[in-house]
Amino acid sequence: VQLQASGGGLVQAEGSLRLSCAATGDIFSIDRMGWYRQAPGKQRGLVAAITTGGTPEYIDDVKGRFAISSDIAKKAVYLQMNSLQPEDTAAYHCNVKGVRWIGPRTRDFDLWGPGTLVTVSS
């Protein structure tokens with residue numbers, strides 16, 4: 001199973017970006033998909049997450065500005081980011097938890113995608 005992310009870039013303050021992350025491979029089911037970010041010199045932390053059939057969760061700093069959505073059929077998760085601020089500058093990583101096929105059996109997986117850089121200028 002692999003994750004491929006896209007959508008980062010350079011944007012001015014109050015601008016918007018949309019991140020995408022898609023999972024490929026022998027996936028049996030997906031339980032939770034989320035976006036995390038890591039700014040220079042800081043630890044990686046949760047931005048938003050969504051469980052299959054569940055309610056999205058957000059950190060307070062992005063509530064009302066960011067929206068997470070998923071397309072289970074495409075095994076994809078998206079993060080629409082509006083009203084971006086310089087403090088949102090970070091490498092954004094998607095994370096997917098679920099169950100994969102290993103031959104005739106299944107096994108849990110917890111996978112991180114490569115970071116996609118978001119830079120917001122003031």
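Being a predicted model, the structure only gives us computed values, none of them experimental. Hydrogens, waters and symmetry mates play no part in the numbers below; they use all other heavy atoms, side chains included.
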Can you list, pair by pair, the side-chain donor-acceptor contacts under 3.5 Å of residues 53-62, counting residues two or more places apart and other chains?
unit_1, atom_1, unit_2, atom_2, d
Y58, OH, I68, N, 3.0
D60, OD1, K63, NZ, 3.1

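- There is no path of hydrophobic side-chain contacts, each under 4.5 Å, that joins L3 to Y36.
- Residue pairs meeting the disulfide (SG to SG under 2.5 Å) criterion with at least one partner in residues 39-91, sequence neighbours excluded, are absent.
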In a table with atom names and distances, give each donor-acceptor pair under 3.5 Å that connects a side chain of residues 16-29 to protein atoms at least two apart or in another chain.
unit_1, atom_1, unit_2, atom_2, d
S16, OG, N82, OD1, 2.9

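- Taking OG1 of T51 as the start and CG of D31 as the end, the distance is 9.0 Å to the nearest 0.5 Å.
- Judged as a side-chain contact (heavy atoms from CB on, under 4.5 Å), and not counting sequence neighbours, the contacts of E14 are S83, Q85.
- A chain of hydrophobic side-chain contacts below 4.5 Å, direct or via other Ile, Leu, Val, Met, Phe, Trp or Tyr residues, connects W35 to V1.
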Which atom pairs, one a donor and one an acceptor, fall under 3.5 Å between side chains of residues 98-122 and the rest of the protein, sequence neighbours left out?
unit_1, atom_1, unit_2, atom_2, d
D110, OD1, N95, ND2, 2.8
T116, OG1, G8, N, 3.2

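- Within the structure, the ring-ring contact (aromatic ring centres under 6.0 Å, His included) test picks out no pair touching residues 72-95 (sequence neighbours left out).
- Listed by first and then second residue, the salt bridge (charged side-chain N to carboxylate O under 4.0 Å, His left out) pairs that reach into residues 68-95 are R37-D88, R65-D88, sequence neighbours excluded.
- Note: the hydrophobic cluster containing V47 also contains L84 (ILVMFWY, side chain heavy atoms under 4.5 Å, direct or indirect links).
- Within the structure, disulfide (SG to SG under 2.5 Å) pairs that include any residue of residues 42-90 do not occur (at least two apart or interchain).
- Atom CD of Q38 is surrounded by more than 12 heavy atoms from other residues, nucleotides or ligands within 6.0 Å.
- R44 pairs by the salt bridge (charged side-chain N to carboxylate O under 4.0 Å, His left out) definition with nothing, not counting sequence neighbours.
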